[in-house]
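Accompanying notes for the structure given below.
Just so it is clear: chains get the letters A, B, ... in the order the sequence lines come, proteins before strands, and each one is counted from 1. Since the model is a prediction, treat every value here as computed from it, not as a measurement. The figures that follow rest on heavy atoms only: side chains count, while hydrogens, waters and symmetry mates do not.
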Amino acid sequence: MIHGGRNHVLDPKEQLDILLEDVVEAIKEDELLEKLERACREERPLRVKQGFDPSAPDLHLGHAIGLRKLKQFQELGHTVVVIIGDYTGMIGDPSERAETRPRLTHQEVTEHAKTYQEQLYKIVDPARTEVRMNGEWFSQMSFADVMDLAGRYTVARILERDDFARRFQNQQPISIHELFYPLMQGYDSVAIRADVELGATEQKFNCLVGRELQKAYDIEPQIVMLLPVLEGTDGVKRMSKSTGNYIGIAEAPREIYGKTMSIPDSSIPRYFELGVGLKGRELAAVRDRLESPEENPRDLKRELARRLVSLYYDEQEARAAEEEFDRVFRKRGLPDEIPEPSIELRGQEDRSAVWIVPLLKAAGLVKSNGEARRLIQQGGIRVDGEQVTDVDYTVSLDRPLLLQAGKRRFARALPDRVRLLQEDA
RNA sequence: GGGGGGGUUCCCGAGCGGUCAAAGGGAACAGACUGUAAAUCUGUCGGCGAAGCCUUCGGAGGUUCGAAUCCUCCCCCCCCCA
């Protein structure tokens, strides 16, 4: 994973060309070139920042776009500074207005940070990475410091942000601390003296505030590099953990493979481009093949899924994931690993005639007896491969049983993992 | 500080004394069809061994044979005026 710096071989102009690949917008390119030239001249690597929200510590394909760019910087000899927004996380994110998010405890934040690092280093070189939590500086600020920070920006400028502007226009509430978020993110850049900040296009405003704040603190302003946003597996909304439409880079190979197979056809080129990192002629070839009547889009998607698994594991895992996928979903076979939960049943006396409904619940395949009944009525339950049609069906637990709910949920009921409990007296 | 409008099941949103476990839509889940694609169709979508019963409509009380619906107090949100 570790790559030696190539900055000795590449001159600033060449670096710039590489760094601007796949970038939607860079503010400003000429300043970036100047910074690169100086870095080269003074042999002082640039500090390249990207921030992450600590509330959802699973990095996904969307994050990977930025991470790959960070890695490019590293390969050119620069330093990456990853900011984990623990302080903002402990306050609670105001942008999700519907539910007040539970504030994270310090311990949770620390654990999340650890998870982040592990996942981060699947792509980024740890030797050239600083991971910083912004509580490091925010927790040290006094109210006077906060007022000082607030005094360096104006309401009018904050209200330029389109969502604030819209809410203001529509007379919807904006709480004061929300206005602070861009300032806080921007101050991170001041605190770590960022030369470059990476962000998705929707981060444009916040990143630019960083630039302005740096000027206000008499620091050379950072370059803002905006990267494209990848849509989630639903093909519509931006990939994010909270929407549940994400493919995590630390997920098991079969999950990555399976989730990829569920994306709509229309997203295939985008995933090749932003997920795999394909470009130019190869990407054009993918588009052509998708158009071609000869080609079944499914096969293109299989290739995509294999490549994504290969990226985060290896080709062997990719092949294994594909085989398993074919077996489970195309041939309706069984996955490699089937959970064997310990099962505790109440009110069942005879092991040789256990009612199926509570058994499914105890095995963790359904949430309630009602759900079990529903699935049976809808033909979604199988025992040893046989569809169960009778809600009153009973099974013998004297030997292992294979339970299946829907297409994806499997569990094995093993006799020695089953306990019959007395009904509560 | 004054006036007005709201808080309904995962989300949006109807209901405004019994026929309400609560319309409609979305999401989700299952089934059919498939390529775990899209589109479509069907069904389900609080809990209970399912009969009926229990818990749900911001919170606590109250009126009533009966309350999501009426009253009182409280909490929260939004708008207008100051």
Side-chain angles (χ1 to χ4, degrees), chain A residues 94 96-100 167-175 178 231-237 240 242-245 247 251 253-272 286 289-306 308-309 321-335 345-350 353-362 365-382 387-395 403-410 420 423-424:
Chain A
E96 313 283 315
R97 302 204 319 121
E99 81 252 38
T100 29
R167 282 161 66 185
F168 191 68
Q169 182 73 36
N170 297 341
Q171 298 180 309
Q172 286 169 337
I174 303 171
S175 52
E178 286 182 82
E231 70 262 26
T233 50
D234 57 346
V236 181
K237 295 197 207 85
S240 91
S242 52
T243 320
N245 61 358
I247 301 178
E251 287 192 90
R254 62 168 167 280
E255 290 298 318
I256 296 181
Y257 192 97
K259 285 186 178 184
T260 304
M261 289 306 283
S262 76
I263 67 167
D265 290 356
S266 53
S267 289
I268 293 176
R270 199 101 176 123
Y271 271 67
F272 265 107
V286 166
R289 284 171 61 192
L290 193 59
E291 297 289 304
S292 158
E294 317 275 290
E295 188 102 26
N296 185 339
R298 180 200 56 196
D299 298 321
L300 205 51
K301 208 150 78 175
R302 286 165 69 85
E303 192 180 319
L304 172 67
R306 277 199 306 275
L308 284 172
V309 177
E322 182 161 273
E323 275 168 30
E324 173 158 342
F325 178 85
D326 286 350
R327 189 169 66 240
V328 177
F329 293 105
R330 298 180 74 191
K331 297 175 193 149
R332 294 273 174 111
L334 298 177
L345 284 165
R346 284 177 195 282
Q348 301 287 312
E349 274 138 41
D350 185 359
V354 170
W355 188 31
I356 185 73
V357 166
L359 176 63
L360 290 166
K361 185 171 142 195
L365 289 173
V366 297
K367 287 203 248 352
S368 67
N369 288 6
E371 188 184 347
R373 283 168 182 281
R374 256 173 255 138
L375 285 173
I376 291 169
Q377 279 157 6
Q378 295 178 143
I381 296 294
R382 288 170 188 272
Q387 191 175 60
V388 175
T389 51
D390 178 8
V391 171
D392 295 320
Y393 191 74
T394 60
V395 295
L403 306 173
Q404 182 180 0
K407 283 176 194 148
R408 295 201 59 162
R409 282 171 281 164
F410 294 90
L420 300 190
E423 198 86 66
D424 282 352

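Using N1 to N3 plus N6-O4 or O6-N4 for Watson-Crick, or N1-O2 and O6-N3 for G-U wobble, each under 3.5 Å, B/C20 pairs with nothing. Nucleotide B/C29 forms a Watson-Crick or G-U wobble pair with B/G43, both donor-acceptor distances falling under 3.5 Å. B/A14 is unpaired under the Watson-Crick or G-U wobble criterion, no partner having all donor-acceptor distances under 3.5 Å. The partner of B/U34 is absent, by the rule that a Watson-Crick or G-U pair needs both atom distances under 3.5 Å. B/A68 makes up no base pair with any nucleotide shown, lacking Watson-Crick or G-U wobble contacts both under 3.5 Å.
With contacts defined as side-chain heavy-atom distances shorter than 4.5 Å, the pair A/Val354/A/Thr394 does not qualify. Considering only heavy atoms from C-beta on, A/Pro358 comes within 4.5 Å of A/Trp355 through its side chain. Two residues are said to be in side-chain contact when any heavy atoms from C-beta on lie closer than 4.5 Å; A/Lys301 and A/Asp265 meet this criterion.
To the nearest whole angstrom, the two C1' atoms, one in B/G7 and one in B/A68, are 12 Å apart. The C1' atoms of B/U8 and B/G24 are separated by 14 Å, rounded to the nearest whole Å.
One N or O donor and one acceptor, one from the side chain of A/Asp265 and one from the base of B/G35, sit under 3.5 Å apart. Interface remark: the A/Gln387 side chain does not form any donor-acceptor pair with the B/G31 base, using a distance-only criterion of under 3.5 Å.
In this structure, A/Leu300 places its CG atom 16 Å from P of B/A37, rounding to the nearest Å. Counting to the nearest Å, the C1' atom of B/G35 and the CG atom of A/Asp299 are 9 Å from each other. Rounded to an integer number of Å, the gap from CG of A/Leu420 to P of B/G49 is 16 Å. The interatomic distance linking A/Arg330 (CZ) with B/A37 (C1') rounds to 14 Å, in whole Å. A/Ile247 has its CD1 atom 15 Å from the P atom of B/U36, to the nearest Å. Here the C1' atom of nucleotide B/U34 and the CE atom of A/Met261 are 12 Å apart, to the nearest Å. One interatomic measurement links the two molecules: CZ of A/Arg373 to C1' of B/A30, which rounds to 17 Å at whole-angstrom precision.
In this model, the phosphate group of B/G47 is approached by a side-chain N or O of A/Ser368 to a distance below 4.0 Å at OP1 or OP2. At the phosphate of B/A38, neither OP1 nor OP2 sits under 4.0 Å from any side-chain N or O atom of A/Arg298. OP1 and OP2 of B/G47 both lie 4.0 Å or more from every side-chain N or O belonging to A/Lys367. For the pair A/Asn296 and B/G35, the criterion of a side-chain N or O lying under 4.0 Å from OP1 or OP2 is not met.
Counting non-hydrogen atoms under 4.0 angstrom, A/Ile263 reaches the backbone sugars and phosphates but no base. Among the atoms of the strands shown, only primed sugar atoms or phosphate atoms (P, OP1, OP2) are found under 4.0 Å from some heavy atom of A/Gly379. Here A/Pro264 lies in heavy-atom contact (under 4.0 Å) with sugar-phosphate atoms only.
Residue A/Arg374 places its side chain closer to B/G47 than to any other of B/G47, B/A37, B/C29. Here B/G43 is the nucleotide among B/G43, B/G35, B/C29 with the atom lying nearest to any side-chain atom of A/Gln378. For A/Asn369, the listed nucleotide lying nearest its side chain is B/C48; candidates were B/U36, B/C48, B/C29. Out of B/A30, B/U36, B/U44, the shortest distance to the side chain of A/Arg409 is found at B/A30.
Residues A/Pro297 and A/Ile268 share a closest heavy-atom pair of O-CD1, 3.9 Å.
A donor-acceptor pair is defined here as one N or O able to donate and one able to accept, closer than 3.5 Å; no such pair exists between the side chain of A/Asp326 and the backbone of A/Lys331.
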